[in-house]
Amino acid sequence: MSFASPLFLWYFLPATLLAVLVLPRRWRNGIIAVASLVFYASGAGAFTLLLLACMVVNFAAGTALEPNRWEPRSSRKRSLLIAVICFDVGILVVWKYAGFATQQIDYFTQLFGGSFPVAHLALPIGISFFTFHHISYVVDIYRGERRALRNPVSFVTYIAMFPQLVAGPIVRYREIADQLPQQRSHRLDDIAAGFPRFALGLCKKAIIADSLSPMVEACFATSGEDMTFAIAWLGAVGYTLQLYFDFSGYSDMAIGLGRMLGFRLPENFARPYSSVTVTEFWRRWHMSLSRWFRDYVYIPLGGNRTGAAKTYRNLCIVFVLTGFWHGANWTFLVWGCYHGLLLIIERRFGWDRTPSAVASRIGRRILTLVLVVFGWVFFKSADIGHAFTMIGHMLVPDFDGLTDVVEAALTNQRVVILIAALAIFALPAHPVTGPLLESARTRGAVGLRIGVMTAGALYAAILVANGTFSPFLYYQF
C-alpha cells in the first residue's frame, strides 16, 4: 500500500486517524501497531512473517541485553549483541544480496567453462529500514542509552510504524523511546500540525517528481549511439530534481503522518542542494541514514580520533556500506566510493570547511552541485557502462539536440515544472520549508500552511482519481 494510493488516502488513513482520535488514549500504540501490520501485509504479503520473526528475536534480545548493576557489559551480553546483529545483517544479506552474489560467482565460473546456480529472491519491502531499526534498538539498549521495552505492542509500534516502515526516515531507538509511553492529550493539535506537512510531501511527489519521471526515463533509456550532450545533462539534472522531490516528499509525508499519530520523527532533508561542500551535503541529504552510520559504524570504528589514515579508512568503509545499502548493484558501490573519495579529498586538503568570502561560497556551491549531479548518474544507471557513457557525453559538448523520444517526453507542462524545480538549486540553506510549516506561527507561515494543505489535498484527490501516481523511488531499497 502506498501513501499515494486511493486505498490509503481515502480509507486506511482516515480510519486510522479516527480510531486514534476517538478511542482511549492508552490504546494509541495498539491501534498503530495493528494498522502498521495491516499496512505492511497489504504490500508485502507473506514477508510479514519475516518481519514478525525478526521482531520476536530482537524483542527477546533487548531485555537480555539491558545492563544492570551486577552485569553491566559482560562478555556474555557482548556475545549476544554480536549474535543478534549477525542475525539481522544475515537476514538482510540473504534476501537483498544473495542474487547479486551468486550472479558474480556464476560470471567468474563461466570464464572457466562452468556455471553456478543463481538465486532469485524477491526483495521484502522495507527490509533495509527495519533491519537498521532492529540494530539501533539492541545497540542502544546494550550501551545503556535507553531501557528495553517490556511491552511488545510498543515494540511493534516502533519497528513497524507505517509512516516510516517502508522508506524511512530511519528512526534510532533513542530518538523515539521516550515518546512510546506517552499518551498525547492534544490529538487534534497533532493532526492539525501534521497534515500540512503531509500535504507538502504530496505536492512534491505528485506535482514535481512524477511529472519529471517520463522525461528522466526517456533520457536514461537513450542508447550510447543516440546519446548527446543535451540529453545527458537533461537526464542527469532531471533525475537530480526528481529524486530529491520524490524522496524528500516521502519523508515529509512520513513526518507529517507521524505527527498526526502523536510522534515526532527525525528530519531527513535540509535543502541538500544548497550545500557548499560534499561534507555538508551529507549533513543535509538523507540525514537519518548519515546519523545511523555515524553512530553505529563510523564512531565505533574510531571516527576521526585515531589519525588521518584510519579516518580515511573509516570513511571508505562507511561509504562502501552506504552504497551497497541502497542496492545490490555495482553502480551503487561506485556511487558510494565516489562520495567517500570526495569526502576524503575535502578532509585532506581542508576543503570541508565553508569559505568566508561570498564569491568563494558561490563557486564552491556550484562545484558541489555539479559533483553531486555526476554521482546521481551512477545511482540511476542500470550498469557501469551506461553511466560512463552518459558522463562522457556530459563532459564533451556537442551540437546535437534531443532525440524524438526525448522531445516527446519533454512536454510544455514538464518544461514549466522543470524550470520551477530548478529554483531549489538557488534557494538559501535556511529556512527549510517542512519544519517551518509545523513550528512557525507568523502570519506568513500560517498562510503557507493553509495554502499547502488546501492545494495538496485538492491535487491529491484529482491525481488519485486519475490513478496517475507512481511508486516512490526509495521503495526499491
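L410 is listed as a side-chain neighbour of L234, based on a closest heavy-atom distance under 4.5 Å. Taking the side chain as every heavy atom from C-beta outward, M55 and L37 approach each other to under 4.5 Å. Side chains of I85 and V139 form a contact here, defined as non-hydrogen atoms less than 4.5 Å apart. Under the 4.5 Å side-chain criterion, counting only non-hydrogen atoms from C-beta, W285 is in contact with W282. When side chains are defined from C-beta on, Y173 counts as touching R146, because their heavy atoms get closer than 4.5 Å. Taking the side chain as every heavy atom from C-beta outward, V377 and M394 approach each other to under 4.5 Å. Residues P266 and R291 have side chains in contact (heavy-atom distance under 4.5 Å, counting atoms from C-beta outward). With contacts defined as side-chain heavy-atom distances shorter than 4.5 Å, the pair F263/R28 qualifies.
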K205/D252 under salt bridge (charged side-chain N to carboxylate O under 4.0 Å, His left out): CA gap, chis, key distance, verdict: CA-CA 10 Å; K205 166 66 174 171; D252 283 328; over 6 Å; no

- request: List the steps, then state whether salt bridge (charged side-chain N to carboxylate O under 4.0 Å, His left out) holds for K204 with D246.
  value: CA-CA 7 Å; K204 285 182 176 180; D246 188 282; over 6 Å; no

task: Test side-chain contact (heavy atoms from CB on, under 4.5 Å) on V405 and T222 and set out the steps.
output: CA-CA 9 Å; V405 174; T222 303; over 6 Å; no

message: Go through it in stages, so that I can follow the logic: the residues are R172 and E175, the test is salt bridge (charged side-chain N to carboxylate O under 4.0 Å, His left out), and I'd like the CA-CA distance, side-chain angles, deciding distance and then a yes or no.
response: CA-CA 5 Å; R172 293 168 296 172; E175 295 175 306; 2.9 Å; yes

field: I424 vs L241, side-chain contact (heavy atoms from CB on, under 4.5 Å): CA-CA, chis, key distance, verdict
entry: CA-CA 8 Å; I424 194 69; L241 295 169; 3.6 Å; yes

- prompt: Given the rule in the side-chain contact (heavy atoms from CB on, under 4.5 Å) test, do W233 and H393 qualify, once you have shown the distances and angles that lead to the verdict?
  reply: CA-CA 8 Å; W233 273 103; H393 283 277; over 6 Å; no

message: Go through it in stages, so that I can follow the logic: the residues are N268 and S288, the test is side chain to side chain donor-acceptor pair (under 3.5 Å), and I'd like the CA-CA distance, side-chain angles, deciding distance and then a yes or no.
response: CA-CA 6 Å; N268 215 19; S288 63; 2.7 Å; yes

- prompt: Are Y244 and T240 close enough, and set up right, to give a side-chain contact (heavy atoms from CB on, under 4.5 Å), and what steps lead you there?
  reply: CA-CA 6 Å; Y244 168 74; T240 299; over 6 Å; no

- request: Let me see the working for F378 and F388 under ring-ring contact (aromatic ring centres under 6.0 Å, His included), right down to the final yes or no.
  value: CA-CA 8 Å; F378 289 106; F388 278 115; 5.3 Å; yes

task: Starting from the C-alpha separation in whole Å, work towards a yes-or-no answer on ring-ring contact (aromatic ring centres under 6.0 Å, His included) for F229 and F399.
output: CA-CA 8 Å; F229 179 79; F399 297 99; 9.5 Å; no

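With 3.5 Å as the limit, one finds no donor-acceptor pair spanning the side chains of S213 and D210. In the model, Y312 has no side-chain atom that pairs as donor or acceptor with a side-chain atom of N304 under 3.5 Å. Under the 3.5 Å distance criterion, with hydrogens and angles disregarded, a donor-acceptor pair is assigned to the side chains of W330 and Q104.
Checking side-chain atoms of T389 against main-chain N and O of G385 turns up a donor-acceptor pair under 3.5 Å. R271 contributes a side-chain N or O that, together with a main-chain N or O of P431, makes up a donor-acceptor pair within less than 3.5 Å. No side-chain donor-acceptor contact under 3.5 Å links E267 to the backbone of P169.
Applying the side chain to side chain donor-acceptor pair (under 3.5 Å) criterion to K380, with sequence neighbours excluded, gives E217. Annotation: side chain to side chain donor-acceptor pair (under 3.5 Å) contacts of T131 (sequence neighbours excluded): none. Under the side chain to side chain donor-acceptor pair (under 3.5 Å) criterion, Q179 pairs with no residue, sequence neighbours left out. Under the ring pair (Phe, Tyr, Trp, His ring centres under 6.0 Å) criterion, F155 pairs with F59, Y137, sequence neighbours left out.
For Y338 and F379, the distance between ring centers is not under 6.0 angstrom. Side-chain rings of F293 and F319 stay apart, their centers remaining 6.0 Å or farther from each other. A distance below 6.0 Å separates the ring centres of H326 and W335. The aromatic ring centres of F47 and Y40 sit 6.0 Å or more apart. Outside the 6.0 Å centre-distance limit, the rings of F332 and W325 are not counted as a close aromatic pair.
Atoms CD1 and CG, on I125 and L165 in that order, are 9.0 Å from each other to the nearest 0.5 Å. For the atom pair CG (D88) and NE2 (H133), the distance works out to 12.5 Å, reported to the nearest 0.5 Å. With values rounded to the nearest 0.5 angstrom, I299 atom CD1 is found 10.5 Å from N314 atom CG. Remark: I159 CD1 to L51 CG distance equals 8.0 Å, nearest 0.5 Å. Atom CG of L343 sits about 8.0 Å away from atom CG of D352, to the nearest 0.5 Å. Rounded to the nearest 0.5 Å, atoms CG (L265) and CZ (R197) are 9.5 Å apart.
Aromatic ring pairs are classed by plane angle as parallel below 30°, tilted from 30° to 60° and perpendicular above 60°; the pair F281 and Y273 is parallel. Note on ring orientation: taking the six-membered ring where Trp is involved, the planes of H134 and F130 are perpendicular (angle over 60°, cut-offs 30° and 60°). Ring planes of Y250 and F3: parallel class, angle under 30° (limits at 30 and 60°).
Minimum interatomic distance between A160 and S36 (heavy atoms only, all atoms of both residues): O-CB, 2.8 Å. Nearest heavy-atom pair, L92 versus Y97, reported as atom, atom and distance to 0.1 Å: O-CD1, 3.8 Å. Of all non-hydrogen atoms in G434 and L200, the two that sit nearest each other are CA-CD2, 3.8 Å. The minimum heavy-atom distance between C316 and I344, with the atom names listed, is SG-CD1, 3.5 Å. Scanning both residues, V432 and P435, for their nearest heavy atoms gives O-CD, 3.5 Å. Residues P196 and I191 approach most closely at CD-O, 4.5 Å, considering heavy atoms.
The salt bridge (charged side-chain N to carboxylate O under 4.0 Å, His left out) pairs that include a residue from residues 399-421 number zero, where partners must be two or more places apart or lie in different chains.
Within 6.0 Å of the CZ atom in F374, the count of heavy atoms belonging to other residues, nucleotides or ligands exceeds 12.
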Expected list for residues 358-365: side-chain donor-acceptor pairs under 3.5 angstrom, two or more places apart:
residue: R361; atom: NH1; partner: S356; partner atom: O; Å: 2.5
residue: R364; atom: NH2; partner: W351; partner atom: O; Å: 2.2
residue: R365; atom: NH1; partner: L427; partner atom: O; Å: 3.3
residue: R365; atom: NH2; partner: F425; partner atom: O; Å: 2.8
residue: R365; atom: NH2; partner: L427; partner atom: O; Å: 2.5

